[in-house]
Structures are given as C-alpha cells and as structure tokens.
Amino acid sequence: MDTIQLRKTVVEKLMKVIDPETGTDVIRMRLVQDLSIDENGKVTYTFRPSSPLCPIAVPLALMIIQAVEEVPGVSSQSITVLDYIQADQLNEILKSILEE
C-alpha cells in the first residue's frame, strides 16, 4: 500500500474515534494534526486535547493509538501530545506503551 492510500485509511479509521464529550470525531475536531506516514509505514502525528485540562485526554489518546494500530500497513507510530497541562508525563507514558 502506498503512503497516500495508507494515510487515507488512517484518517478514515480516526474518523471513527469519537470524543465522548462532544460526539464529534477527532479529525473533524482537529485533535489529530501533522499526520505523516513514511515509506516504511511509520505514522507520526500530534494530539492536541480540546483543552489544557481535558479530563479525557488519556483515554482519548489511547483510543487514537488503538485506531492507528488497527490499520493494515502501519508498522509503528509516534504520537506527541501538545497543549495539555500534563503533556510531558503523558508523552512519556504513551512512548513506553508504543515501545512494548
């Protein structure tokens, strides 16, 4: 699968990840940004919770990771959380989860 098709499939999968507080998917809410995929199938993106104090940032990040992981052709992924009060801690946790 080429990177253009893989990106389209990843976006389609992410459109099924719904923010439970708003009922809107993470793509339309622009919570997932800077999505890129390299020739080896590594997906890199930024997750910006809807507010710096978002009470569901952690479960939402995990739902996003799970959705990306389920796309055939994705070899690995890298997520960076920005604009969240505990972004540094959450980035460390997510990094350790993705390295398992």
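Position 1 is the first residue of the sequence; numbering continues from there.
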4.5 Å side-chain heavy-atom contact, T80 and F47 = no

query = Among the clusters formed by ILVMFWY side chains lying less than 4.5 Å apart, do I27 and L82 turn up in the same one?
reply = no

message = For the CD atom of Q86 and the CG atom of N91, what is their distance to the nearest 0.5 Å?
response = 11.5 Å

For residues 67-76, please give each side-chain donor-acceptor pair under 3.5 Å, one per line with the distance, not counting sequence neighbours.
residue	atom	partner	partner atom	Å
E70	OE1	K13	NZ	2.8
E70	OE2	Q66	NE2	2.9
S75	OG	N40	O	2.8
S75	OG	G41	O	3.4
S75	OG	K42	N	3.4

inquiry  = Please enumerate all residues that pass side chain to side chain contact (heavy atoms under 4.5 Å, CB included) together with T24, with sequence neighbours excluded.
reply    = T22, R28, M29

key: Residue list, side-chain hydrogen bond (donor to acceptor under 3.5 Å, both in side chains) with Q33, at least two apart or on another chain   = R48

ask   = Does any non-hydrogen side-chain atom of L6 lie less than 4.5 Å from one of D2?
value = no

Extract all donor-acceptor atom pairs below 3.5 Å that involve side chains of residues 51-63 and protein atoms in other chains or at least two apart in sequence.
residue	atom	partner	partner atom	Å
S51	OG	L53	N	3.3
S51	OG	C54	N	3.1

request  = List the atom of L14, the atom of V32, and the distance in Å for their closest heavy-atom pair.
outcome  = CD1-CG1, 4.0 Å

Hydrophobic cluster membership, L94 vs I85, 4.5 Å side-chain cutoff = no

task = For residues S50 and L31, report the shortest heavy-atom separation together with the two atoms involved.
result = N-CD2, 3.8 Å

Salt bridge (Lys or Arg N to Asp or Glu O under 4.0 Å): pairs with one or both residues in residues 85-97, sequence neighbours excluded = none

key: All side-chain hydrogen bond (donor to acceptor under 3.5 Å, both in side chains) counterparts of T46, not counting sequence neighbours   = D34

query = Does Y45 have any side-chain hydrogen bond (donor to acceptor under 3.5 Å, both in side chains) partners at least two apart in sequence or in another chain, and if so, which?
reply = Q77

task = For residues S78 and V43, determine if any side-chain heavy atom of one lies less than 4.5 Å from a side-chain heavy atom of the other.
result = no

ask   = Who pairs with E12 by side chain to side chain contact (heavy atoms under 4.5 Å, CB included), at least two apart in sequence or on another chain?
value = K8

remark   = In this structure, CD1 of I93 is separated from CD of Q89 (nearest 0.5 Å) by 7.5 Å

task = Using the test side-chain hydrogen bond (donor to acceptor under 3.5 Å, both in side chains), find all partners of D38 that sit at least two apart in sequence or belong to another chain.
result = none

key: Set of side chain to side chain contact (heavy atoms under 4.5 Å, CB included) partners for I18, sequence neighbours left out   = D25

